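Step one of this worksheet: look at the structure below.
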Protein chains: 2
Amino acid sequence: MTAQHHPERRPEDYDARVSPFVERFAADLTEAGMQRMAARVFACLLASEQGALSSAELSERLRCSPAAVSGAVRYLSQVHMISREREPGSRRERYRLHQDIWYETFTNRDAFLDRWTATLRSGSEALGPDTEAGRRVRETTEFFDYLKGELGGLLERWRAQRDATGGGPGGAEPPRARD
Amino acid sequence: MTAQHHPERRPEDYDARVSPFVERFAADLTEAGMQRMAARVFACLLASEQGALSSAELSERLRCSPAAVSGAVRYLSQVHMISREREPGSRRERYRLHQDIWYETFTNRDAFLDRWTATLRSGSEALGPDTEAGRRVRETTEFFDYLKGELGGLLERWRAQRDATGGGPGGAEPPRARD
DNA sequence: CGCTTACTTCAGAAATTTGTGAAGTTAAGG
DNA sequence: CCTTAACTTCACAAATTTCTGAAGTAAGCG
């Protein structure tokens, strides 16, 4: 019944060494506003050898019901942090972290920023151009606009830097096949 | 009973024009993980003429109990988004948005990033340097380190740009006295 | 074709968060 | 001093979130 097909570390290592990290990082994410189970699933995938696990593997490692996993992965794929793929010739589904997970995730934050700036713009109109409150809200709008504008470049630079470093000696990262 | 000492817009304007904005922006913040009442108080201060309100004013505008305001402002000052000041010769306290609120707020996010990178570093050790999971977690650590490093400069550049713009013609923003 | 596995959905129990009224504390002002 | 205003703290009620077991659906496999 246990999933030992992969050249992963021995299962007992998960509990002893990996689980504490998963739970701690999940707690960090939860504190920052993420749903708890979604955070646990995400952290568990991050710490998995392949960056992908099935529902059964997740519910075993996290000691929670398949139902809880189901809810969490639905959320995570809605916000584009994971993708779901079917193992061919099996009804087992695998939930996989996106390639370039942080690039993806932070890019999707644009949607948040757009909503916020829309709200703020309507607010600055309601307050009027000749009030201090209006000025403050306008400045806030400009801040988030600026942030949005900068974010893209920042992410690109990080990607470039990472790829440059990874290309050095030490064989850290084989240029991952796109599929 | 009503506070009409300030050259604010007429009180009825708050309900009709400002409150919808306050509630909408508060909802945006809540959706992003902020406590609801804290978000409402913050949004209300943002939309206030002076960037500062007393507990009574807040509980009137938000139609909530003084107790709820008390809890929210405690939280907001813990995370350094507002400061509390006493009006001299009065037992009325005012809660004031920090100057440079976004600069401050995002700078304080460093604490979050520090906690995350600490967790991630311990995780990459637990996973070991020769595993794909370890590599992934290490890359994540590096991403957040990079983010932290860039954030300071980004904020400085925004501040510089804003101050430059504000200094132009049109008298948009008098160089705010530090006190 | 049914059997079985793998996942999803749903109703509800449990836990957590949120906000209130009431009582308490502190300090201004007569 | 005593009164009163302004906030805080606390206990509890209400609302919300979170997770589970049970029942349902779909697809591989014999």
Side-chain angles (χ1 to χ4, degrees), chain A residues 1-6 22-23 26-27 29-45 52-79 82-96, chain B residues 1-5 19 22-23 26-27 29-45 52-79 82-96:
Chain A
M1 277 310 170
T2 57
Q4 295 188 325
H5 311 102
H6 310 300
V22 167
E23 297 303 330
L29 294 172
T30 301
E31 200 176 356
M34 196 172 184
Q35 296 170 10
R36 190 184 337 169
M37 190 58 78
R40 295 181 72 211
V41 166
F42 178 76
C44 196
L45 288 172
L53 294 169
S54 67
S55 175
E57 289 166 330
L58 283 165
S59 80
E60 184 194 333
R61 294 183 184 203
L62 299 174
R63 299 173 174 285
C64 68
S65 71
V69 172
S70 178
V73 298
R74 177 150 43 98
Y75 171 78
L76 287 171
S77 60
Q78 273 172 0
V79 300
I82 66 172
S83 55
R84 348 174 53 142
E85 44 188 61
R86 184 66 65 126
E87 290 178 20
S90 159
R91 47 231 155 309
R92 190 167 262 174
E93 202 152 18
R94 317 209 79 203
Y95 306 109
R96 174 176 301 283
Chain B
M1 279 310 171
T2 56
Q4 296 189 325
H5 311 102
S19 177
V22 167
E23 297 304 329
L29 294 172
T30 301
E31 199 176 356
M34 194 172 186
Q35 295 170 11
R36 190 183 338 170
M37 191 58 79
R40 295 181 73 211
V41 166
F42 178 76
C44 196
L45 288 171
L53 294 168
S54 67
S55 175
E57 289 165 330
L58 283 165
S59 79
E60 184 193 332
R61 295 183 183 203
L62 299 174
R63 299 174 171 284
C64 68
S65 70
V69 172
S70 177
V73 298
R74 176 148 46 98
Y75 171 78
L76 287 171
S77 60
Q78 273 172 358
V79 300
I82 65 171
S83 54
R84 348 175 51 143
E85 43 188 61
R86 185 65 66 127
E87 289 179 19
S90 159
R91 48 230 155 308
R92 188 167 262 177
E93 202 151 18
R94 316 208 80 202
Y95 307 109
R96 175 176 300 283

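Proteins get letters first, then strands, A, B, ... in listed order; numbering begins at 1 in each. This one's a predicted model, so the numbers in the text were calculated from it and none came from an experiment.
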> A:Y75 OH to D:dT18 C1': how many Å, rounded?
Replying inline: 14 Å
> What is the distance from CD1 of A:I82 to P of C:dC7, rounded to the nearest Å?
Replying inline: 12 Å
>> Does any part of the side chain of B:S55, heavy atoms only, come nearer than 4.5 Å to the side chain of B:V73, both counted from C-beta?
In response: no
>> I want to confirm an ordering. Mapping B:R36 and A:A38 to their closest nucleotides on DNA chain D, which one lands closer to the 5' end?
In response: B:R36
> Once you round it to whole Å, what is the distance between P of D:dT18 and CG of A:L29?
Replying inline: 14 Å
>> Can you give me the closest heavy-atom contact between B:S77 and B:R84, atom names plus distance?
In response: OG-NH1, 3.9 Å
> How close or far is atom P of D:dT18 from atom CZ of A:R40, stated in whole angstroms?
Replying inline: 13 Å
>> Expressed as a whole number of angstroms, how long is the span from A:E60:CD to C:dC7:P?
In response: 13 Å
Where do N or O atoms of nucleotides 6-8 of chain D meet protein N or O atoms at under 3.5 Å, pair by pair?
unit_1 : atom_1 : unit_2 : atom_2 : d
D:dA6  : O3'    : B:R91  : O      : 3.2
D:dC7  : OP1    : B:E93  : N      : 2.7
D:dC7  : OP1    : B:E93  : O      : 3.1
D:dT8  : OP1    : B:R84  : NH2    : 2.3
D:dT8  : OP2    : B:S70  : OG     : 2.9
D:dT8  : O5'    : B:S70  : OG     : 3.4

>> Quick one, B:R96 and B:L45 - any side-chain contact, counting heavy atoms below 4.5 Å?
In response: no
> Quick one: B:R86 CZ to C:dA27 P, roughly how many Å, whole number?
Replying inline: 7 Å
> A:L62 and A:E23: which non-hydrogen atoms are nearest, and at how many Å?
Replying inline: CD2-OE2, 3.9 Å
> Any idea which heavy atoms bring B:L29 and B:A39 closest together, and the distance?
Replying inline: CB-CB, 3.9 Å
>> Distance check needed: C:dT16 P versus A:Q35 CD, whole Å only.
In response: 17 Å
> Can you tell if the side chain of A:E85 reaches within under 4.5 Å of the side chain of A:Y95, non-hydrogen atoms only?
Replying inline: no
> Rounded to whole angstroms, how far apart are CZ on B:R63 and P on C:dG21?
Replying inline: 14 Å
